[in-house]
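Everything below concerns the one structure shown next.
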2 protein chains.
Amino acid sequence: MSLPHNSNFIKCSTCSLKGFCLPMMLSHSDIDRLDNIIQRNKLLEKGTKVYSIGDKFTHIYAIRSGYLKSYSISDSGEEQITGFHLPGEIVGLEGINTGSHVGFSETLVPSHLCAIPYDKLDNLNSKIDGLRQQLFKIMSQEITHNHELMLMLNQKNADEKIATFLLSLSVRESLGKGLTTQFVLPMTRTDIANYLGLALETVSRIIGKLIKQDVISVDHRQVTINKVNILSELAGTSCHFVDPNQHN
Amino acid sequence: MSLPHNSNFIKCSTCSLKGFCLPMMLSHSDIDRLDNIIQRNKLLEKGTKVYSIGDKFTHIYAIRSGYLKSYSISDSGEEQITGFHLPGEIVGLEGINTGSHVGFSETLVPSHLCAIPYDKLDNLNSKIDGLRQQLFKIMSQEITHNHELMLMLNQKNADEKIATFLLSLSVRESLGKGLTTQFVLPMTRTDIANYLGLALETVSRIIGKLIKQDVISVDHRQVTINKVNILSELAGTSCHFVDPNQHN
DNA sequence: CGGGCGCTTGAACAGGGTCAACATCCGTGG
DNA sequence: CCACGGATGTTGACCCTGTTCAAGCGCCCG
């Protein structure tokens, strides 16, 4: 899930939850109340499952640092990656409905998470209007984001998908402040392919093509975007990720 | 969005909101309080827009009768149908995040809606724990549903998509009680194609093939499922829609 | 009656999947 | 330190699924 890129936010004590604690909505005392129920977990090493399918739903998790991937598994055993998650984003909301997690989430790199007990959060939700409203907004945005994803999966070709994907990560990497031209892809080509609905060979080929055209450079898993405007064009005009301040 | 198919529910006065008023969670007085803020609109004729992109977000809508389609439009003008909605389901939640609707929703057939003013609902959310929790569940389920959709769009071929689509409608048509073998497709082939990420010719061909194989029959827009088990197989074992009581 | 929309069907094409071979990276252990 | 093996990534050739283009039909409604 991606949180608002344009929202003002403050650091919630040691736990940066972008979009979660809007200064306009929460008083300092309310922030303290929220802060008091948040559990700060120790560093999770790469490959650690935050939750697995079938686990009892008890917490939602805000990412302080690191990188997560979430995925679900169909009855026939096919894996589908449903999202990659960066610091400031929240995972685990899919468990609210049934009280059990219906998918997995795991760390792609060593990551720090904040665990927020859902029962205590729900209790605060009845008392702190701004918190409840913000949570509804976050879930609403997740729905909107999924609709954009659907548009991408249904209507874009392979080149457009890759371009859109790279730009999306680039923007989210920068925590909503413009666009980072250098970032790391901690997921495998297989993961990217699965997420975008492509074959891994196709992902490899298209990234290769972009390198040949000098639109991006790749060193191991480090990506540099050399020509943002070309990448944006490739992504289609429907790209929300272009920083209007960027002119290269 | 689809609501829980397995949840017990009661009629919320004149307004049937499946999953919305769980008897276990809401007292009769709470149901009355909810009922008092709900506006029952007159019959909307076919093709009426419930809301449009850019409209101020003021209400969410529960469908009492009829059929809706929701869609959004990319910057480049491409339309993407994000869902079809049947009685008992809720639309408009995508507007919570920004305070404006980011897509359209319109009636495919004459439909009755309940409009629920969001500010009043939010007010009740602070007072009625069960209502708030249920709303979070509904939004959580929407997220889960989108993940399943993603799996379908990414990993299923055209035949599987159509089979899954037909079964899904068949189950939802029956309001969660098993599976209706006869129902109406009020949307055009073009709509189905757009939703599933296929060309309309492909949709037409595959439906034709299913008819030829006598898996389904189609009379105008009336669909009859003749061989549920075959359709389920086609949909993939990942199909959640099979009624265990059906053995034909 | 006619025009437009929705739908079907056919034929040719192409984007991307599949299969296969090979290259590279990385951790492990000798 | 280097050799090995497995996982990951690249590249090529072929082929299939589903798209595109095109033509024609049926139905609804003015």
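Worth knowing before you read on, the calculation uses all heavy atoms, side chains too, and leaves out hydrogens, waters and symmetry mates. Here the structure is a predicted model, which is why all the values come from computation and not from measurement. In what follows, chains are A, B, ... by sequence order, proteins preceding strands, each numbered from 1.
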**Item:** Gap between atoms NZ and P, on A:K46 and D:dA7 respectively (whole Å)
**Value:** 14 Å
**Asked** To the nearest Å, how far apart are A:L108 CG and D:dT8 P?
**Response** 12 Å
**Request:** Let me know the distance between CD1 of B:I192 and P of C:dG6, rounded to the nearest Å.
**Result:** 13 Å
**Request:** Would you mind reading off the distance between B:D219 atom CG and C:dT8 atom C1', rounded to a whole angstrom?
**Result:** 16 Å
**Asked** Is the gap between the ring centers of B:Y195 and B:F84 under 6.0 Å?
**Response** yes
**Asked** Side chains of B:Q182 and B:T224: is there a donor and an acceptor less than 3.5 Å apart?
**Response** yes
**Message:** Between B:H101 and B:S52, is the side-chain hydrogen bond (donor to acceptor under 3.5 Å, both in side chains) condition met? List the steps.
**Reply:** CA-CA 7 Å; B:H101 285 287; B:S52 297; over 6 Å; no
**Request:** Figure out the CD/P separation between B:Q222 and C:dG6, and round it to whole Å.
**Result:** 20 Å
**Message:** Check B:R172 with B:E89, please: is the shortest side-chain N to carboxylate O separation under 4.0 Å?
**Reply:** yes
**Prompt:** Counting any heavy atom closer than 4.0 Å, what does A:L200 reach on the DNA or RNA strands: base, sugar-phosphate only, or nothing?
**Reply:** base
**Prompt:** For the residue pair A:S105 and A:S70, what are the closest heavy atoms and their distance?
**Reply:** OG-OG, 3.1 Å
**Request:** Starting from P on D:dT19, measure out to CG on B:L196 and report it in whole angstrom.
**Result:** 11 Å
**Asked** Just by modelled atom types, is the A:E79 backbone N or O under 3.5 Å from a matching donor or acceptor in the A:N194 side chain?
**Response** yes
**Fill in**
Minimal heavy-atom distance between B:T107 and B:E45, with the atoms involved, is OG1-O, 2.8 Å
**Message:** Using the side-chain heavy atoms of A:R189, tell me which of these nucleotides is nearest: C:dC7, C:dG15, D:dT10.
**Reply:** D:dT10
**Prompt:** To the side chain of A:R221, which of C:dG15, D:dG9, C:dG6 is closest?
**Reply:** D:dG9
**Request:** Could you check which residues of residues 202-211 of chain B get a heavy atom under 4.0 Å from DNA chain D? Sort them by number, please.
**Result:** B:T202, B:R205
**Message:** Looking only at the side chain of A:A199 (C-beta and beyond, no hydrogens), which of the listed nucleotides C:dG17, C:dC26, D:dT19 gets closest?
**Reply:** C:dG17
**Request:** Spell out yes or no: do the side chain of B:E201 and the base of D:dC21 have one donor N/O and one acceptor N/O closer than 3.5 Å?
**Result:** yes
**Request:** Specify the separation, in whole Å, of atom NE2 of A:H220 and atom C1' of C:dC26.
**Result:** 10 Å
**Asked** Just how far, in rounded Å, is P of D:dG18 from CG of A:N157?
**Response** 17 Å
